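Just below is one structure, and these are the notes that go with it.
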There are 2 protein chains.
Amino acid sequence: MTGTGTQAAEKPRRRQARGERRIEQLLEAAAQVFQEVGYPAASTNGIARAAGVSPGTLYQFFPNKEALAVELGRRLMAELEQTHGRVLSGADTTRPLAEILDTVLDPLIAFNLGHPAFFVLIHGPEAPGEIVSDHEELHAVLQQQITDLVARRAPDLPIPELDRVSVMAFAIFRAGLALVMHSDGAQREGYIVELKSALHRYLAPVLGS
Amino acid sequence: MTGTGTQAAEKPRRRQARGERRIEQLLEAAAQVFQEVGYPAASTNGIARAAGVSPGTLYQFFPNKEALAVELGRRLMAELEQTHGRVLSGADTTRPLAEILDTVLDPLIAFNLGHPAFFVLIHGPEAPGEIVSDHEELHAVLQQQITDLVARRAPDLPIPELDRVSVMAFAIFRAGLALVMHSDGAQREGYIVELKSALHRYLAPVLGS
DNA sequence: GACAAATACGAGCGGTCGCTCACATTCTAT
DNA sequence: ATAGAATGTGAGCGACCGCTCGTATTTGTC
């Protein structure tokens, strides 16, 4: 796949090492600003300033603000899979439910705590009229992985119920994750336990203990 | 507190019937715009236009955009309590949990479906740096009522656990409500059932069936 | 060293935002 | 009838937005 010019032939844009470094700086700055003020309130000029470059330089590498968020999401998603393995799709669905939840949720929570921008990106853009493909894809990928996980655990579940349960489970996860993210110390530990309890109790009747 | 008679003695602003009507128009228009584009993206000029008045007229009655949201929240909250009675604080906690959930959730869901702006307002403003008192009060009032409800049902619950469970329950409710609001027809019915199931299963071990 | 491509700058364009203000109109109390 | 308060207008201010572009600098290649 990484061979000479197989897929990336559409953009023969040659990039210097300096450019690659700038891209990293910009994404890092974007992550910082996103988590500080949220995606909608984050300004491209502010991101450029945080990266120590001019606005023009930002647009040398990213066509617009959305592209910044999309690429950041891509990288975070890749890093999630790299550092924690295939968390969702690799889970052993024959284990007890509580164990599955631990092995799935702990890495996800840890990753979100370590990369708060990820949490910002999987929370909808709030404005309904936004360009749909914004963070929607990140959301959809995670949702699909959860649905697959549930389907593997309960293969005989009718499709509509499978979808409903999976969507609800993801919603509960995001809601609980928000509580975890906005607390700290002992409280945070408490919410983590609470989130696991909520999901366990919700899923046990459907997936078995 | 504010002494006898009307409580707004600090603002002896005399209001004509026309002014009262304008206020209604403006709040109605604000509710419309909020639910259409969300609170952050709603523009005061747009709200004024939707109400059929000039921007200056809007600021004749509301000092700023936030005041519009706050007053709208106040009125919606009042209407909720008026039309559905004291839904939360009046629930009979000696009934079976499933019944309590029905009597509490059905009015709340119906009200949100009938007043989508309410749903927008109880969803955080997304931007962390926002003026804190924005929708925060509405949120806090509902949270407190839920906590009281849980406390009445389980008086022996230690305070920290009471708080944690109540906050988590409210979070699950909001997450499920979002699914209900963004679906329709049979799917919506399904999510309503799912939300009730999730809350019942989550709360049953703590509150009893 | 020469030359083109890649990178970098930053003033500023066109736009929207929340909000203001000088002024006109309508209502109400006398 | 008339004064003064309440209501109404809408152009536009100042700030900020995402983004552009003419221009300057750095870099890789020969």
Side-chain angles (χ1 to χ4, degrees), chain A residues 5 8 11-30 33-34 36-72 125-131 133-135, chain B residues 8 11-30 33-34 36-72 125-127 129-131 133-135:
Chain A
K11 290 285 179 185
R13 180 66 152 288
R14 293 171 53 206
R15 202 122 259 171
Q16 302 184 353
R18 188 171 37 142
E20 304 280 2
R21 254 180 283 128
R22 280 276 177 262
I23 290 178
E24 304 300 323
Q25 287 179 28
L26 285 165
L27 287 173
E28 202 170 327
V33 175
F34 284 165
E36 275 174 1
V37 303
Y39 174 73
S43 83
T44 54
N45 285 13
I47 293 170
R49 199 181 317 120
V53 301
S54 74
T57 296
L58 187 154
Y59 285 92
Q60 178 81 17
F61 301 102
F62 297 96
N64 50 51
K65 180 180 169 182
E66 184 192 349
L68 211 34
V70 168
E71 177 61 17
L72 181 60
E126 161 97 349
E130 293 259 317
I131 311 97
S133 66
D134 216 5
H135 323 125
Chain B
K11 290 286 179 185
R13 180 66 153 290
R14 295 173 52 213
R15 204 124 256 171
Q16 301 182 355
R18 191 171 32 141
E20 304 281 3
R21 254 180 282 128
R22 280 276 177 262
I23 291 179
E24 304 301 321
Q25 285 179 30
L26 285 165
L27 288 172
E28 202 170 327
V33 175
F34 284 164
E36 275 173 4
V37 303
Y39 174 73
S43 82
T44 54
N45 285 14
I47 293 170
R49 198 181 317 118
V53 301
S54 73
T57 296
L58 187 154
Y59 285 92
Q60 178 79 18
F61 301 102
F62 297 95
N64 52 50
K65 181 179 168 183
E66 184 194 347
L68 213 33
V70 168
E71 177 62 16
L72 182 59
E126 160 97 350
E130 293 259 319
I131 312 99
S133 66
D134 215 5
H135 323 124

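Please read all numbers here as calculations on a predicted model, not as lab measurements. Chain letters run A, B, ... following the sequence lines, proteins first, then strands; residues in each count from 1.
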Could you tell me whether the phosphate oxygens of [N], OP1 or OP2, come under 4.0 Å of any side-chain nitrogen or oxygen in [X]?
X       : N      : answer
A/Ser54 : C/dA8  : no
A/Thr44 : D/dG18 : yes
B/Arg15 : D/dT7  : yes

What is the separation between atom [atom1] on [X] and atom [atom2] on [N], rounded to the nearest whole Å?
X       : N      : atom1 : atom2 : value
A/Asn64 : C/dG15 : CG    : P     : 19 Å
A/Leu58 : C/dT7  : CG    : P     : 14 Å
A/Ile47 : D/dG18 : CD1   : C1'   : 11 Å
A/Gln60 : C/dA6  : CD    : P     : 9 Å
A/Glu20 : D/dG28 : CD    : C1'   : 15 Å
A/Arg49 : C/dA8  : CZ    : C1'   : 17 Å
A/Arg14 : C/dT7  : CZ    : P     : 10 Å
B/Lys65 : C/dC19 : NZ    : C1'   : 12 Å

5'-most by nearest nucleotide on DNA chain C - A/Arg22 or B/Tyr59:
A/Arg22
Judged by each residue's nearest nucleotide on DNA chain C, which is more toward the 5′ side, B/Gly46 or B/Arg18?
B/Gly46
Heavy-atom closest pair (A/Ala48 atom, A/Leu58 atom, distance to 0.1 Å) is N-CD1, 3.9 Å
Determine the minimum heavy-atom distance between B/Val33 and B/Ala42, stating which atoms define it.
CG1-CB, 3.6 Å
A/Ile23/A/Arg15 under side-chain contact (heavy atoms from CB on, under 4.5 Å): CA gap, chis, key distance, verdict
CA-CA 11 Å; A/Ile23 290 178; A/Arg15 202 122 259 171; 4.1 Å; yes
Hey, does the side-chain of A/Asn45 have a donor or acceptor N/O within less than 3.5 Å of a partner on the base of D/dC19?
yes
Around atom CD of B/Glu28, are there more than 12 heavy atoms from other residues, nucleotides or ligands closer than 6.0 Å?
no
Indicate, with a heavy-atom threshold strictly under 4.0 Å, whether [X] touches base, sugar-phosphate, or nothing.
X       : answer
B/Ser43 : sugar-phosphate
B/Ala42 : sugar-phosphate
A/Gly19 : sugar-phosphate

I want to confirm an ordering. Mapping B/Gln16 and B/Gly56 to their closest nucleotides on DNA chain D, which one lands closer to the 5' end?
B/Gln16
Quick one: which of C/dC9, C/dG10, C/dT20 gets closest to the side chain of A/Val53?
C/dC9
Validation row: A/Phe62, A/Leu27 side chains within 4.5 angstrom (heavy atoms)
yes
